[in-house]
Amino acid sequence: MKTAILTDSTAYIPKELRDRHSIHMIPLSVNFGTESYQEEVDMTAEQFYTKMNERKDLPTTSQPPTGMFVELFEKLAEEYDAVLSIHLSSGISGTYSGAVTAATMVDHIKVFPFDSEISCMVQGFYALEASQMANEGKTPEEILARLEKMKQSMRAYFMVDDLTNLQRGGRLSGAQAFIGSLLQVKPILHVDDKMIVPFEKIRTRKKAINRVNELFKEDAEKNKPMRAVVIHANRSDEAEKMKREIEDKYPHVECLVSYFGAVIGTHLGEGAIGLGWYMK
């Protein structure tokens, strides 16, 4: 069985890497008033942050239409027997459910939707692992079993400069924990039970990043092979510095730098930074 690997744009896997690993991508969109842009297709992350800084209104985001999924699945059916469709957490987007619905509407390819329960390059790790296994001829069931095992050690924490965008966009669960102190904290968030929820209140950006590094250290000091990613919202220098520090301190950790693109950046805001990892 020949299996295609599909993920959505919020995995933020660079096109060169997607092409190299034969990973297909379906885009979500970001909307500025009446203008709609497919992220990673019509708009880069850099263009997004520039445009967002020029405007006062918060953009909105939208998932791929079901018809776009159906069209893509039918196109993949010309070359593949099955498709593993890996998507951002179903608790923050309807993209996964869109893939599930579209799967019932195609006849010539078997679709295996997978809820990553996360987003960004941490979601991308699942797609990269799945691609490697598909290229080795593994079945969709074997790949899904491996992804579920990865999920057991997958961790991600991120800091935002403020919660305004998350609150206005309705993407933060348990926000009342921070009400009344939004301006005084740099909240650390994580995804729990598929939802973005508060993890800890930290007073300064530096202390928040140090706390995220402490959480990473708990796993890294087990000295098992790991893969990690530093993710940033227009803070590339800061992210590269974090990556270097991780690699210098933990030679057994393979570390990448990635970014919060337009859709996720809409909700987190510029300046957000995060760290995700899993045991290989």
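Throughout, numbering of the chain's residues begins at 1 and tracks the sequence.
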**Study point:** Phe158 and His232: CA distance, side-chain angles, deciding distance, ring-ring contact (aromatic ring centres under 6.0 Å, His included) verdict
**Key:** CA-CA 9 Å; Phe158 49 101; His232 69 93; over 10 Å; no

Point to revise | Steps toward side-chain contact (heavy atoms from CB on, under 4.5 Å) verdict (Glu254, Lys280) | key: CA-CA 10 Å; Glu254 174 193 348; Lys280 284 187 177 178; 3.0 Å; yes

**Study point:** Stepwise salt bridge (Lys or Arg N to Asp or Glu O under 4.0 Å) test for Asp248 and Arg244
**Key:** CA-CA 6 Å; Asp248 289 346; Arg244 288 193 300 271; over 6 Å; no

Point to revise | salt bridge (Lys or Arg N to Asp or Glu O under 4.0 Å) assessment of Lys51 paired with Glu35 | key: CA-CA 12 Å; Lys51 193 170 185 68; Glu35 301 170 6; 3.3 Å; yes

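Criterion: ILVMFWY side-chain heavy atoms under 4.5 Å apart, direct or through other members. Under it, Val191 and Ile92 are part of a common hydrophobic cluster. Cluster membership for Tyr96 and Leu76, using ILVMFWY side-chain heavy atoms within less than 4.5 angstrom, is not shared. Under the 4.5 Å side-chain heavy-atom criterion for ILVMFWY residues, no single connected hydrophobic cluster contains both Val100 and Phe69. With hydrophobic clusters built from ILVMFWY side chains whose heavy atoms lie under 4.5 angstrom apart, Ile23 shares a cluster with Tyr278. Connection of Ile273 to Val212 is established within a shared hydrophobic cluster, with ILVMFWY side chains joined at heavy-atom distances below 4.5 Å, either directly or through further cluster members.
A donor-acceptor pair is defined here as one N or O able to donate and one able to accept, closer than 3.5 Å; such a pair exists between the side chain of Ser153 and the backbone of Met279. With Thr3 contributing its side chain and Ala82 its backbone, the two residues share no donor-acceptor pair below 3.5 Å. Of the possible donor and acceptor atoms, none in the side chain of Ser93 sits under 3.5 Å from a partner among the backbone N and O of Ser90.
Contact record, Val197 with Asp192: CG2-CB, 3.6 Å, taken as the closest heavy-atom pair. Here the closest non-hydrogen pair linking Ser85 and Ala99 is OG-CB, 3.9 Å. Between Ala156 and Val122 the shortest heavy-atom distance is CB-CG2, 4.2 Å. When all heavy atoms of Met226 and Ala220 are compared, the pair lying nearest together is SD-CA, 3.5 Å. In terms of heavy atoms, Gly271 sits closest to Asp161 at CA-OD2, 3.8 Å. Heavy-atom minimum distance, Val30 versus Ala262: CG1-CB, 3.9 Å.
Taking Lys75 as the reference, nothing meets the side-chain contact (heavy atoms from CB on, under 4.5 Å) condition, with sequence neighbours excluded. In this structure Asp237 satisfies the side chain to side chain donor-acceptor pair (under 3.5 Å) test with no other residue, sequence neighbours excluded. Under the salt bridge (charged side-chain N to carboxylate O under 4.0 Å, His left out) criterion, Lys243 pairs with Glu247, sequence neighbours left out. Listed by chain and number, the residues in a side chain to side chain donor-acceptor pair (under 3.5 Å) with Lys241 are Glu245 (sequence neighbours excluded). Not counting sequence neighbours, the partners of Tyr259 by the side chain to side chain donor-acceptor pair (under 3.5 Å) test are Glu40. In this view, Glu238 and Arg205 satisfy the salt bridge (charged side-chain N to carboxylate O under 4.0 Å, His left out) rule, not counting sequence neighbours. A search for side chain to side chain donor-acceptor pair (under 3.5 Å) contacts involving Lys217 returns nothing, not counting sequence neighbours. Taking the side-chain contact (heavy atoms from CB on, under 4.5 Å) definition, one finds that Gln38 meets it with Pro27, Ser29, Val41, Asp42, Met68, sequence neighbours left out. Residues meeting the salt bridge (charged side-chain N to carboxylate O under 4.0 Å, His left out) test with Lys207, sequence neighbours left out: none.
A distance of 11.5 Å separates CG of Asn213 from CD of Glu218, quoted to the nearest 0.5 Å. Here Ile118 contributes atom CD1 and Asp115 contributes atom CG; the two are 10.5 Å apart, rounded to the nearest 0.5 Å. The distance from the CD1 atom of Ile209 to the OG1 atom of Thr204 is 9.0 Å, given to the nearest 0.5 Å. Summarising the geometry, atom CG belonging to Leu215 is positioned 5.0 Å from atom CZ belonging to Phe199; distances are rounded to the nearest 0.5 Å. Taken from CG in Leu88 to OG1 in Thr95, the straight-line distance is 5.0 Å, to the nearest 0.5 Å. A distance of 8.5 Å separates CZ in Phe125 from OG in Ser258, rounded to the nearest 0.5 Å.
Proximity of Val229 to Arg227: side-chain heavy atoms (C-beta onward) are nowhere separated by under 4.5 Å. Side-chain atoms of Leu17 and Leu128, non-hydrogen and from C-beta on, do get closer than 4.5 Å to each other. Between Trp277 and Asp219, the closest side-chain pair of non-hydrogen atoms falls below 4.5 Å. Ser9 is not listed as a side-chain neighbour of Ile26, based on a closest heavy-atom distance of 4.5 Å or more. No side-chain heavy atom of Tyr12 sits less than 4.5 Å from a side-chain heavy atom of Met121. Between Val230 and Cys255 there is a side-chain heavy-atom pair separated by less than 4.5 Å. With a 4.5 Å cut-off on side-chain heavy atoms, Ile13 and Met25 do not count as touching. In this structure, Phe48 and Glu39 have side chains that are not in contact, with every pair of non-hydrogen atoms separated by 4.5 Å or more.
Phe73 has its ring centre no less than 6.0 Å from the ring centre of His24.
Atom NZ of Lys110 has 12 or fewer neighbouring heavy atoms from other residues, nucleotides or ligands inside a 6.0 Å radius. The neighbour count for Lys149 NZ, taken as heavy atoms of other residues, nucleotides or ligands under 6.0 Å away, does not exceed 12.
Checked by atom type, the side-chain pair Glu117/Ser89 shows no donor-acceptor distance below 3.5 Å. A donor atom on one side chain and an acceptor atom on the other are not found under 3.5 Å apart for Gln47 and Tyr37. Of the N and O atoms on the side chains of His87 and Ser116, not one donor lies less than 3.5 Å from an acceptor on the other residue.
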Hey, can you pull the donor-acceptor pairs under 3.5 Å for the side chains in residues 129-141, sequence neighbours left out?
{"unit_1": "Glu129", "atom_1": "OE2", "unit_2": "Arg146", "atom_2": "NE", "d": "2.9"}
{"unit_1": "Ser131", "atom_1": "OG", "unit_2": "His21", "atom_2": "O", "d": "2.5"}
{"unit_1": "Gln132", "atom_1": "NE2", "unit_2": "Glu136", "atom_2": "OE2", "d": "3.4"}
{"unit_1": "Asn135", "atom_1": "ND2", "unit_2": "Ser131", "atom_2": "O", "d": "3.2"}
{"unit_1": "Thr139", "atom_1": "OG1", "unit_2": "Glu142", "atom_2": "N", "d": "3.1"}
{"unit_1": "Thr139", "atom_1": "OG1", "unit_2": "Glu142", "atom_2": "OE1", "d": "3.3"}

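Between His252 and Tyr250, the ring planes lie perpendicular to each other; the angle is over 60°, past the 30° to 60° tilted range.
Sorted by first and then second residue, the pairs that involve residues 2-12 and meet salt bridge (charged side-chain N to carboxylate O under 4.0 Å, His left out), not counting sequence neighbours, are Lys2-Glu79. Screening residues 98-124 for ring-ring contact (aromatic ring centres under 6.0 Å, His included), with sequence neighbours left out, gives Phe114-Tyr126.
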